[in-house]
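Input: a single structure, listed below in structure tokens.
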Amino acid sequence: MTSAPVVEIFDETYKDYGIDPDQFKMVKPDGTLADIYDNTQGLKFGYACYENEKFIAMITEYTEKVAKAGFDGCLYDGFNFAYPPNYYCSCEGCKNAWAKYSADLYGEALPFPTPRMLYNMMDSDEKARAFCHFRLSSLADFYLMLRDAGRKYNPEFEVYTNSTMYDMGMAYFYLRGLDVTTSEFKDTTKLGTDSTLFMYAENEALTDKQLISFINRRNIQCPDDNQYYTPLFESYAAGGAMCHAEVSRTYPIEAYTEKTALNFMKIVSENKEAFEKTGSIADTAVLYSWRDTTYCQIKELKLNYSTNLRETWELNSSRRAAALLARRGIPFDYVVAEKNPTASDLSRYKTVIVPELTLLDRTLEAELKKYVENGGRLLITGKEFGTVYSGDEVGIKWDRRENDLLESWVGTAYSNTEGFATYRLGSGSISVCRDYIKLRTTEEESEATADFEKAVSELDLTSQVRVETKPAYGYIETTLRADCYGTALRLNIINNGVPQGSDTGKNTASLEIPKGAEVKDVTALSPCIDDIGLEYSVKDGRLTVSGSFGLYTLVTVSLQWND
């Protein structure tokens with residue numbers, strides 16, 4: 001546990017130091033400056049442009065001073081990808097940067113896009129995709145430049161980017177080498193009801209660094225304790241961490257020092273090995289592609305310029321697949337398409353879910369096929385499957401496949417499949433479930449179809465961890481992790497969606513014991529329940545545990561390996 005100073009810079013802050021803030025600000029297409037007002041304090045501030053030479057010089061000098069002072073890094077609270085929809089920066093710095101970027105890509109400088117381009121659909125407009133990537137890459141270059149400036153004085157200096165893991169730019173940042181991030185919960189996740197495990201699965205697939213997430217103002221997002229504690233428990237259960245970033249201006253400080261929070265931090269501090277030195281051993285994976293999510297699902301460039309529409313539930317198929325698994329207590333990992341996973345990388349998973357991805361490159365296509373031929377199982381969901389591919393690294397230029405991908409593999413066109421169907425390929429299988437979810441505007445309201453439930457049953461997705469009892473409220477989600485020595489399994493059990501003041505009752509779950517191992521001991525810790533009443537038994541290679549687990553319980557299974 002640690003702390004860090006926070007500095008909020010408003011227009012008046014600059015003026016107090018004799019600096020004109022207008023010289024740094026973004027410029028709207030009409031030539032006016034991009035200003036905004038902080039309604040909570042009535043203070044004015046503007047958006048700075050990271051292509052502005054004066055701002056670059058000022059923030060670089062600031063970063064160097066922080067590094068010289070001995071700090072480990074800076075967290076910059078900037079918009080991860082772009083700016084709100086009713087303006088975007090049209091300053092000379094941005095125009096010059098776009099001219100260079102487009103000339104490198106197309107052989108000639110293209111005119112700077114007009115605001116009308118914000119309404120273009122990226123799944124049909126290559127230049128809209130190019131402009132989206134231009135903004136992403138420019139911001140990544142900016143942060144990397146600042147990190148390098150700090151590392152001149154501190155070799156371990158990091159630049160932290162404040163955004164959200166479900167913002168489409170975060171995976172791109174990781175792939176560019178900005179692998180230390182924080183995730184801010186805003187209005188797109190209903191905490192204490194929606195599962196946040198997908199964020200940490202994506203993070204773990206991209207880096208070995210922890211994702212540090214935090215909640216702004218508990219009074220807005222977490223009106224009761226359960227809504228606050230549940231994502232706190234999820235973060236540690238999935239290998240991340242939760243940061244108490246801001247004491248609410250409405251809720252008193254005592255709200256953060258209640259018994260449950262103190263108990264949990266005591267458990268974390270006394271059992272660091274259970275959280276710091278573990279890795280997921282889930283045998284089910286969800287294939288994630290930031291390019292497909294951005295270009296094919298979000299589609300409209302304008303949405304990417306919004307501060308509140310970051311890859312919402314309806315616009316992120318990987319998140320939907322992950323939530324369906326989480327609500328059935330099935331541990332899962334993410335596999336990132338842009339990291340070019342091989343058949344060997346995929347072989348650790350019994351099942352890989354491909355959730356309605358349109359953009360699927362030739363190289364990954366070959367590795368997925370090889371994975372199946374070697375005995376793996378694919379579950380393909382949704383209306384699209386690999387309709388287009390891209391030959392460039394960032395997915396701007398597309399080609400359409402002449403033949404249906406499934407048809408070229410097994411002889412049946414994907415568009416002709418109905419219900420839940422399975423096809424053999426080599427030693428493995430490809431299952432198709434096109435109609436897999438009754439999609440609503442929220443995770444809580446959406447439902448899995450009968451076809452998806454059949455897929456769960458037929459593919460035995462609950463074989464590794466199975467929730468044996470239906471909880472009194474909400475649903476039970478789990479993560480299964482192992483320590484780096486292979487001597488202990490960590491089963492994290494979270495009751496999500498529990499109304500404030502409700503008793504979660506007694507829960508039962510079972511897990512597969514790894515082949516060649518025996519159970520030595522089973523223990524359980526919970527910050528919510530004084531007497532868990534843990535009971536466990538081993539039969540036919542499965543360990544069954546039961547008890548009053550409350551909102552969260554960590555079950556540790558000590559193993560002994562046979563010679």
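Atoms considered below: every heavy atom in the structure, side chains included; atoms not considered: hydrogens, waters and symmetry mates.
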Judged by modelled atom types alone, do Glu356 and Tyr436 share a side-chain donor-acceptor pair under 3.5 Å?
yes

Side-chain donor-acceptor pair under 3.5 Å between Asp345 and Thr342, yes or no? yes

Does Tyr229 reach the side chain of Pro527, with side-chain heavy atoms less than 4.5 Å apart? no

When rounded to the nearest 0.5 Å, the distance separating CD1 of Ile532 from OG of Ser546 is 11.0 Å

Report task. Would you sort out whether Asp141 and Tyr50 count as a side chain to side chain contact (heavy atoms under 4.5 Å, CB included), showing the intermediate values? Result -> CA-CA 10 Å; Asp141 291 342; Tyr50 50 82; over 6 Å; no

Check: Going by heavy atoms in the side chains, are Thr60 and Leu146 under 4.5 Å from each other?
Finding: yes

All heavy atoms of Asp72 vs all of Asn154, minimum pair found to be CA-ND2, 4.1 Å

Go through it in stages, so that I can follow the logic: the residues are Asp460 and Arg466, the test is side chain to side chain contact (heavy atoms under 4.5 Å, CB included), and I'd like the CA-CA distance, side-chain angles, deciding distance and then a yes or no.
CA-CA 10 Å; Asp460 202 12; Arg466 183 175 299 127; 3.8 Å; yes

Tightest non-hydrogen contact, residues Gly501 and Asn226, listed as N-ND2, 4.3 Å

Practice problem: Report yes if some heavy atom in the side chain of Ile281 is under 4.5 Å from a heavy atom in the side chain of Leu489; otherwise report no. | Solution: yes

Between the CD atom in Glu445 and the CG atom in Leu439, the distance rounded to the nearest 0.5 Å is 10.0 Å

Using modelled atom types only, decide if a donor and an acceptor are shared between the side chain of Thr469 and the backbone of Asn507 within a distance under 3.5 Å.
no

_Is there a salt bridge (Lys or Arg N to Asp or Glu O under 4.0 Å) between Glu338 and Arg291? Walk through the geometry before answering._
CA-CA 8 Å; Glu338 288 77 17; Arg291 298 178 307 163; 3.0 Å; yes

Exercise. Counting distance only, does the side-chain N/O of Thr508 pair as donor-acceptor with the main-chain N or O of Glu468 below 3.5 Å?
Worked result: no

Item checked: Donor + acceptor pair across side chains of Ser195, Tyr475 (<3.5 Å) -> no

| request: Taking the side chain as every heavy atom from C-beta outward, state whether Ser317 and Leu357 have any pair of such atoms under 4.5 Å apart. | output: yes

NZ (Lys277) and NZ (Lys272) are apart, to the nearest 0.5 Å, by 10.0 Å

Original post:
Would one find more than 12 heavy atoms of other residues, nucleotides or ligands at under 6.0 Å from atom CD of Glu156?
Top reply: no

### Query
Got a sec: does the CG of Asn562 have more than 12 other heavy atoms crowding it under 6.0 Å?
yes

d(Ile353 CD1, Ile330 CD1) to nearest 0.5 Å is 7.5 Å

query = Any donor-acceptor pair under 3.5 Å linking the side chain of Arg377 with the backbone of Leu459?
reply = yes

field: Backbone N/O of Leu287 and side chain of Ser318: donor-acceptor pair under 3.5 Å
entry: yes

Interatomic distance, CZ@Phe264 vs CG@Leu525, rounded to 0.5 Å, equals 11.0 Å

Checklist entry - Which is it for Phe452 and Ile437 under the side chain to side chain contact (heavy atoms under 4.5 Å, CB included) test, yes or no, and what are the steps along the way? => result CA-CA 7 Å; Phe452 184 81; Ile437 190 170; over 6 Å; no

Quiz item: Does the side chain of Glu273 reach to within under 4.5 Å of the side chain of Asp483, using non-hydrogen atoms?
Solution: no

Heavy-atom nearest pair, Ile529 first then Ser526, reads N-OG, 3.3 Å

| message | Please determine whether a side-chain nitrogen of the Lys or Arg among Asp194 and Arg319 lies less than 4.0 Å from a carboxylate oxygen of the Asp or Glu. | response | yes

Taking the side chain as every heavy atom from C-beta outward, state whether Ile59 and Tyr76 have any pair of such atoms under 4.5 Å apart.
yes

Dump the intermediate steps for salt bridge (Lys or Arg N to Asp or Glu O under 4.0 Å) on Arg328 and Glu477, then the final yes or no. CA-CA 7 Å; Arg328 282 149 188 80; Glu477 52 187 349; over 6 Å; no

Query - Under 3.5 Å: donor-acceptor pair, side chain of Thr230, backbone of Asn496 - result: no

*Can you tell me if Arg542 and Ser510 form a side-chain donor-acceptor pair at under 3.5 Å?*
yes

- Message: Would the distance check show the side chain of Asn203 and the main-chain N or O of Lys209 forming a donor-acceptor pair, the cut-off being under 3.5 Å?
- Response: yes

Minimal heavy-atom distance between Pro355 and Thr381, with the atoms involved, is CA-OG1, 3.2 Å

List the steps, then state whether side chain to side chain contact (heavy atoms under 4.5 Å, CB included) holds for Tyr536 with Val555.
CA-CA 11 Å; Tyr536 68 91; Val555 177; over 6 Å; no

Does Lys68 pair with Glu64 as a salt bridge, N-O distance under 4.0 Å? no

- Tyr371 side chain reached by Pro341 side chain, heavy atoms, under 4.5 Å: no

The side-chain contact (heavy atoms from CB on, under 4.5 Å) partner of Val522 among Leu491, Val538, Leu534 is Leu534

Ala448 and Glu453 have their tightest heavy-atom pair at CB-OE2, 3.9 Å

| task | Please check if the side chain of Lys350 supplies one atom and the backbone of Ser463 the other of a donor-acceptor pair under 3.5 Å. | result | no

*Just by distance, do the side chain of Ser213 and the backbone of Ala241 share a donor-acceptor pair under 3.5 Å?*
yes

Open item on the list: Under 3.5 Å, is there a donor on one side chain and an acceptor on the other for Tyr172 and Arg176?
Closed with: yes

- Going by atom types only, do Asn492 and Tyr552 share a side-chain donor-acceptor pair under 3.5 Å? yes

>> So does Ala337 get a backbone contact from the side chain of Ser289, meaning a donor-acceptor N/O pair under 3.5 Å?
In response: no

Hey, can you tell me if Phe332 and Tyr334 have their rings parallel, tilted or perpendicular (30° and 60° cut-offs)? tilted

| query | Do we see a donor-acceptor contact under 3.5 Å between the side chains of Ser280 and Glu204? | reply | no

Polar side-chain atom of Thr293 near backbone of Trp290 as donor-acceptor pair, under 3.5 Å: no

Interatomic distance, OH@Tyr236 vs CG@Leu554, rounded to 0.5 Å, equals 13.5 Å

In terms of heavy-atom contacts, Asn495 and Gly550 come closest through ND2-O, 2.7 Å

Inset, instruction - For Thr193 and Glu444, test the side chains for any donor-to-acceptor distance below 3.5 angstrom and give the result as yes or no. - result: no

